[in-house]
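Please read the structure below before turning to the comments.
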Protein chains: 2
Amino acid sequence: MEPSEIFKKHISKFTTLSDADFEEVFGFFTVHEVAKKETLVEEGQLCRYHYFVLEGMLRQFFINEKGTEQTTDFALETWWLTDNIAYEHQLASSFSIQAVERSRILRISRENQEQLLQQFPQMERYFRFVYQRAYAAAQMRVKYLFSRSKEDFYRDLVRKYPEFVQRVPQYLIASFLGFTPEYLSEIRRKDLS
Amino acid sequence: MEPSEIFKKHISKFTTLSDADFEEVFGFFTVHEVAKKETLVEEGQLCRYHYFVLEGMLRQFFINEKGTEQTTDFALETWWLTDNIAYEHQLASSFSIQAVERSRILRISRENQEQLLQQFPQMERYFRFVYQRAYAAAQMRVKYLFSRSKEDFYRDLVRKYPEFVQRVPQYLIASFLGFTPEYLSEIRRKDLS
DNA sequence: CGGTCTCTTGACGGAGTTCAAAGCTAGTGG
DNA sequence: CCACTAGCTTTGAACTCCGTCAAGAGACCG
C-alpha cells in the first residue's frame, strides 16, 4: 500500500479532510526508508522530528546507569513516536530512537507540524486523539509496571502478543521488560518443564 | 480566586477564546467541593467524568494482587485526571480516583466534552496540549521507573518536591513510589545518621 | 567456515518484601 | 479541650526475587 494511502486511512479514523486538503496536508510530511538498526534520534542530540510508522518497527531506549540499553517503547504500524518533551521544546533528547527492522516511516518537523496545525485546524483533532490514545496507553503501562512481577511481565507478553515475541529478539524483550537476558532465560527454562 | 478565573487563566495559556465564548465553554463544566478521602471514581465502575483540579489534590490508584493500594498518579492544581480508556469508551475503570485533601474541582462528562469540542473547535487545541503534556510526563515517568533504585526514587522526590513530601502522608509516598512503608522508614532512618 | 552476536547455566550477593509487634500522632466525640 | 482510639510509622529478623559475573554453547552473516 502507498504511504499516502496508509496515512490517509489512519487520519480518516479521527477527522475528516477533503481529498484536496489531504494532498496538501501530506505535503508537510516526508517518506523515508530506514535500515534495520538505523538510528533516527540519538540520546543527547536534538530531536527534530515526529515519526509515524508506515511499515516495520521502531523502538525508543536510553542508556541506564549501568551502561545498558533500556527500551521504553516500541512503535508498530500506525503508531507515532518521538521524545515529546525534546521535540516540543527542541531540547536535547532523553532517548534514542532506532529501527528494529527495515521500516518505512513518515516524518514531520516541529515547525512543519505547527504550521500544519495553523493551516488545518481539523488536524488538531487528529493529534488530540493521537496523544490521548498514547497517554492512555502510557497510563496503563505504568499500572502494569506496578502490578506484576518481572516473571509475569514475560508470561503476559507471550500470551497477549505471541507474534510480537516471535518478531523481536529476546534481548530486546528483556530490555523492554526491564530485566536481564539471563533472567529471561531462566523463566523460559521453567516454562519448558 | 474564582473557579472560572483559574480555569480561564489555564485555557488562555494554550488557546484563545473571547470572553463571551469562554462563558459558554465554562457552562459545560460543573464545580464541586470534595472532602478529604472522598472517592470520585471507583475501580470497576464506570468512569463518567474528566476532572480538573482547581485547588487541593487528587490521586489515582488501584488494588494490586497483594490487596494493597498502588498509587499511580497525583493531580495537583491545574492538572487533569481521569482513567482515559474508561472515560473515552465508557467502560469499567481500571483505577479509583480519590481526593487526598479537601479539594475544589471542575468536572465534565464524556458527552459534554464531545459536544464542547464540536461547538468550539479551538478547544481541540487546548486538549491536544493537555494530552500531549500528560503523555510527555508519562513517558518520562516510565524512563524514570526504569532508571533508578527505589531508594533513589525517594531521595529524588524529597530533593525535587520537598513541599509535596510534607503535604502528603508517608504511606501514600510509599504507595506512589511502589514500595512498602517499612522500607521507606528504613531509608529515612539511614538519612538521619 | 570463522567470528561475532545471541542465548543458556550456575554460584553468589544484595535490594527490597513480609510478618509481627511496639511506639506514636492526630482526629473525634464527649 | 482533653482523652481515647484508629491509623500511621518504626524496628528487626527471615526470606526471596532478581542482578552480577563468568564461562560455555548455539546460531547467523559474510
Side-chain angles (χ1 to χ4, degrees), chain A residues 35-39 57 59 61-71 74 98-102 144-158 164-193, chain B residues 34-39 56-57 59 61 63-71 74 98-103 144-158 164-193:
Chain A
K36 185 172 175 172
K37 300 214 175 176
E38 190 177 330
T39 298
M57 193 190 308
R59 75 179 177 112
F61 65 95
F62 66 95
I63 307 295
N64 65 20
E65 292 151 327
K66 295 161 203 150
T68 64
E69 293 182 359
Q70 172 66 51
T71 301
F74 290 101
Q98 204 179 66
V100 175
E101 312 168 342
R102 184 167 214 281
Y144 193 75
L145 286 174
F146 278 123
S147 63
R148 313 198 154 264
S149 70
K150 303 207 164 180
E151 193 169 333
D152 288 343
F153 287 169
Y154 177 68
R155 297 239 162 84
D156 289 356
L157 194 72
V158 171
F164 177 79
V165 174
Q166 295 299 34
R167 195 170 160 185
V168 168
Q170 277 185 47
Y171 71 96
L172 281 187
I173 301 280
S175 159
F176 177 62
L177 298 178
F179 53 70
T180 58
E182 290 92 328
Y183 188 55
L184 178 51
S185 216
E186 194 179 323
I187 299 169
R188 286 164 55 83
R189 181 170 22 148
K190 274 200 258 175
D191 285 349
L192 293 179
S193 50
Chain B
V34 286
K36 186 171 175 171
K37 300 211 174 179
E38 189 177 330
T39 297
M57 193 190 308
R59 75 178 177 112
F61 65 93
I63 307 295
N64 65 22
E65 291 152 327
K66 295 159 203 152
T68 66
E69 293 182 359
Q70 171 67 50
T71 301
F74 290 102
Q98 203 179 66
V100 175
E101 313 168 341
R102 184 164 213 282
S103 306
Y144 192 73
L145 287 174
F146 277 124
S147 62
R148 312 200 153 265
S149 69
K150 302 203 166 180
E151 191 169 334
D152 288 343
F153 288 169
Y154 177 69
R155 296 238 160 83
D156 289 355
L157 194 72
V158 170
F164 176 79
V165 174
Q166 295 298 35
R167 196 169 159 186
V168 168
Q170 278 184 48
Y171 70 98
L172 280 187
I173 301 279
S175 158
F176 177 61
L177 297 178
F179 52 69
T180 58
E182 289 93 330
Y183 187 56
L184 177 50
S185 216
E186 194 180 322
I187 299 170
R188 285 164 56 82
R189 180 167 24 147
K190 274 200 258 177
D191 286 349
L192 294 179
S193 48

>> Within the 4.5 Å heavy-atom criterion, are B/F146 and A/N64 side-chain neighbours or not?
In response: no
>> I need the residues from residues 170-179 of chain B with at least one non-hydrogen atom less than 4.0 Å from DNA chain C; give them sorted by number, or say none.
In response: B/G178, B/F179
>> With a 4.5 Å cut-off on side-chain heavy atoms, are A/F153 and A/L145 touching?
In response: yes
> Within the distance-only criterion (no hydrogens, no angle test), does the side chain of A/T71 pair as donor or acceptor with the backbone N or O of A/S175 below 3.5 angstrom?
Replying inline: no
> If you find the nucleotide of DNA chain C closest to B/E186 and the one closest to B/K36, which residue's nucleotide is nearer the 5' end?
Replying inline: B/E186
> Hey, are the side chains of B/Y183 and B/L177 touching, using non-hydrogen atoms and a 4.5 Å cut-off?
Replying inline: no
>> Going 5' to 3' along DNA chain D, between which two nucleotides do contacts with chain B fall, using a heavy-atom cut-off of 4.0 Å?
In response: D/dC8 to D/dG12
>> So A/R155 and A/R148, do their side chains get closer than 4.5 Å, heavy atoms only?
In response: no
>> For a 4.5 angstrom cut-off between non-hydrogen side-chain atoms, does B/F61 reach B/L172?
In response: no
> If every non-hydrogen atom of B/G178 is compared with every non-hydrogen atom of B/K150, which pair is closest and at what distance?
Replying inline: O-NZ, 2.9 Å
> With a 4.5 Å limit on heavy-atom distance, are the side chains of A/R167 and A/V100 in contact?
Replying inline: no
>> What is the first contacted nucleotide of DNA chain C and what is the last, in 5' to 3' order, if contact means an atom lying under 4.0 angstrom from a heavy atom of chain A?
In response: C/dT6 to C/dG10
>> Both A/L184 and B/R148 contact DNA chain C. Which one's nearest nucleotide lies toward the 5' end?
In response: A/L184
> When you measure from the side chain of A/T39 to the backbone N and O of A/Q98, does any donor-acceptor pair fall under 3.5 Å?
Replying inline: no
> When the aromatic ring centroids of B/F164 and B/F74 are compared, is their separation below 6.0 Å?
Replying inline: yes
